[in-house]
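What follows is a short report on a single structure.
So that the names make sense, note that chain A is the first sequence line, chain B the second, and so on, each numbered from 1.
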Amino acid sequence: MRNILIKEIKLSASFLSFLFILFGFMFFLPGYPILCGAFFVTLGIFQSFQNARETNDILFSALLPIAKKDVVKGKYIFVCIIELSALLLMALAVILRMTVFSDAGVYRSNALMNANLFALGMAFFIFGVYNAVFVGGFFKTAYKFGKPFVVYIILTFITVFVAEALHHFPLLEFLNAFGTDYIGIQTGLLAAGISAFLLLTLFSCRKSCYNFEMIDL
Amino acid sequence: MNIVKINNLCKTYPTFRLSDVSFTIPEGEITGFIGRNGAGKTTTIKSMLNLVHPDKGEIQYFGKILTENEAEIKKYIGYSGGTICWYPRKKLSEIIKTEKLFYDTWDDEACQKYIKLFSLDVNKSAIELSEGMKVKCNLLVALSHNAKVLILDEPTSGLDPFSRDELLDIFTELKKNGVAVFFSTHIISDLEKCADNIVYISNGKIVDSLSKADFIDKYEKNGESLEETILRMERGDINA
């Protein structure tokens with residue numbers, strides 16, 4: 001698995017996949033829908049899939065002395081590494097906004113979603129949706145990615161819109177908690193996001209291994 | 001001893017059907033896979049590499065079923081798919097270095113030998129290579145990891161006559177070391193030069209799979225050359 005990951009990074013990955021990890025820092029932006037940062041990170045990963053298709057990467061990988069399912073797992077691990085790197089930056093922003101900047105006026109007066117544990121959980125959820133819809137969709141054919149990407153975009157922007165809107169509804173103000181307010185429920189929401197990410201990714205990876213085994217290259 | 005056994009391979013596409021393809025590839029011999037464009041050579045080869053899933057049939061290497069021992073078996077297969085190129089903008093040296101990681105049988109000495117023999121500049125990227133050089137580049141990797149079976153899909157297409165001759169000589173050299181060479185071609189003179197066995201496919205069916213000498217004995221008519229025999233057979237006159 002180490003070798004296939006080296007192959008992903010050295011031969012197949014686009015530089016943009018690594019560069020776009022920095023969009024994780026969008027969690028610092030006030031007055032901006034911060035979950036778009038997660039979308040931009042996945043846009044960077046999309047470039048690697050485009051690169052892979054243009055360079056015959058899938059066929060090259062399938063010919064290597066590894067099981068075909070390892071080709072799929074290698075892609076998922078690469079994708080998850082990029083996502084987790086971005087999540088690390090997002091977590092850093094969340095920690096700072098929950099502590100040092102918890103009373104900063106620029107964040108307090110922000111009409112949009114606050115970067116808290118709920119937001120981090122939603123970023124996990126968006127990455128899970130990407131893995132299930134886009135990566136899983138790609139491995140149905142190992143070359144078509146237009147439709148999966150469009151479906152992913154629609155789902156993500158619905159998710160961003162809903163996440164941004166929810167805290168404006170009565171009784172849901174806790175979603176926009178500052179500092180350590182509502183820390184119990186906020187932690188629960190983060191855990192739900194992480195669980196959704198894990199479930200969506202693992203289920204999708206398993207299904208993709210099966211699909212990739214079935215298709216003719 | 002037969003290294004590869006293909007039994008009753010069937011694959012149906014909307015406009016093409018591979019029917020009950022069966023043949024064997026013996027150790028230390030060169031087997032030519034001949035057939036016109038669209039006869040089913042590439043589908044058969046892709047099935048032999050687990051890239052295409054047959055509807056029916058079984059493929060065995062060293063007595064083991066391919067689908068059940070894929071990773072282990074692929075270590076001993078060298079494959080070249082003609083002019084297809086991987087990562088066209090990456091340096092060949094970078095691709096080779098990465099590919100080397102996957103083979104514990106990788107032979108640096110052999111790799112250097114073939115780089116010299118093929119006059120390959122590994123600091124170039126695939127996009128800078130001619131079609132013939134791309135074939136050589138694919139062959140380089142196939143030859144550098146001490147494969148026991150070489151499966152080559154039209155390896156001589158796009159090569160100049162000198163390189164073709166060199167390549168056929170390499171096949172002869174490899175067979176002396178016990179390597180089974182299986183190559184598809186539609187260039188019949190390649191078979192005449194070096195093949196020990198001929199597997200002839202037409203319209204998705206194996207017409208016959210014999211040693212070259214037996215093939216000539218069975219099908220040759222009135223002192224024809226092998227090329228004339230196969231052309232006649234392809235026109236529908238199978239009986240000698």
Side-chain angles (χ1 to χ4, degrees), chain A residues 1-19 47-78 81 138-144 207-217, chain B residues 11-13 18 42-43 45-55 61 66-81 83-106 125-127 134 138 141-142 145-147 151 153:
Chain A
M1 204 45 76
R2 180 179 158 267
N3 291 339
I4 192 77
L5 192 58
I6 293 173
K7 192 269 326 168
E8 285 298 327
I9 293 167
K10 282 191 158 182
L11 299 180
S12 160
S14 160
F15 171 67
L16 291 179
S17 295
F18 301 106
L19 187 68
Q47 294 298 321
S48 283
F49 277 84
Q50 205 161 27
N51 206 31
R53 196 177 70 169
E54 283 167 6
T55 57
N56 290 318
D57 167 76
I58 294 290
L59 189 56
F60 175 88
S61 307
L63 287 165
L64 290 170
I66 51 173
K68 270 173 88 180
K69 63 178 181 217
D70 289 341
V71 175
V72 178
K73 286 180 186 171
K75 280 267 181 262
Y76 271 87
I77 291 173
F78 169 74
I81 286 175
F138 172 77
F139 276 111
K140 281 182 186 164
T141 59
Y143 70 94
K144 281 185 187 170
K207 194 155 185 283
S208 293
C209 287
Y210 174 80
N211 286 340
F212 189 58
E213 197 62 59
M214 290 297 126
I215 54 176
D216 293 335
L217 294 171
Chain B
K11 176 79 185 174
T12 305
Y13 290 108
L18 199 67
T42 299
T43 305
I45 285 180
K46 282 189 165 185
S47 304
M48 290 168 71
L49 296 161
N50 202 25
L51 298 177
V52 159
H53 293 81
D55 303 327
Y61 287 81
L66 173 64
T67 46
E68 290 167 13
N69 304 275
E70 189 184 1
E72 187 196 344
I73 287 172
K74 281 204 246 167
K75 272 193 180 177
Y76 300 104
I77 301 177
Y79 167 74
S80 164
T83 59
I84 188 164
C85 71
W86 321 110
Y87 314 105
R89 306 222 173 244
K90 295 274 181 195
K91 277 187 180 178
L92 300 182
S93 56
E94 201 176 340
I95 299 172
I96 293 167
K97 203 172 145 193
T98 309
E99 226 170 336
K100 183 181 160 179
L101 296 171
F102 291 86
Y103 295 96
D104 43 23
T105 51
W106 188 271
S125 54
I127 203 163
K134 281 179 195 163
N138 286 338
V141 174
H145 64 84
N146 283 325
I151 298 173
D153 196 2

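Using a 4.5 Å cut-off between heavy atoms, B/Ile77 makes no contact with chain A at all.
Using non-hydrogen atoms only and a strict 4.5 Å limit, the part of residues 5-12 of chain A facing chain B consists of A/Ile6, A/Lys7, A/Lys10, A/Leu11, A/Ser12. Listed by sequence position, A/Asn56, A/Asp57, A/Leu59, A/Phe60, A/Ser61, A/Ala62, A/Leu63, A/Leu64, A/Pro65, A/Ile66, A/Ala67 are the residues of residues 56-67 of chain A in contact with chain B, using a 4.5 angstrom heavy-atom cutoff.
Open room surrounds CZ on A/Phe15; 12 or fewer heavy atoms of other groups in view lie less than 6.0 Å from it.
Between B/Lys90 atom NZ and A/Thr55 atom OG1 the span is 8.5 Å, to the nearest 0.5 Å.
With respect to chain A, the highest number of heavy-atom pairs below 4.5 Å among B/His53, B/Glu70, B/Lys75, B/Lys74 belongs to B/His53.
Contacts of B/Glu72 classified as side-chain hydrogen bond (donor to acceptor under 3.5 Å, both in side chains), with partners at least two apart in sequence or in another chain: B/Lys64. Here B/Lys100 pairs with B/Asp108 under the side-chain hydrogen bond (donor to acceptor under 3.5 Å, both in side chains) rule; sequence neighbours left out.
Taking each heavy atom of B/Asn50 and A/Lys68 in turn, the nearest pair found is O-NZ, 3.3 Å. Listed here is the closest heavy atom pair of B/Lys11 and A/Asp216: NZ-OD2, 2.6 Å.
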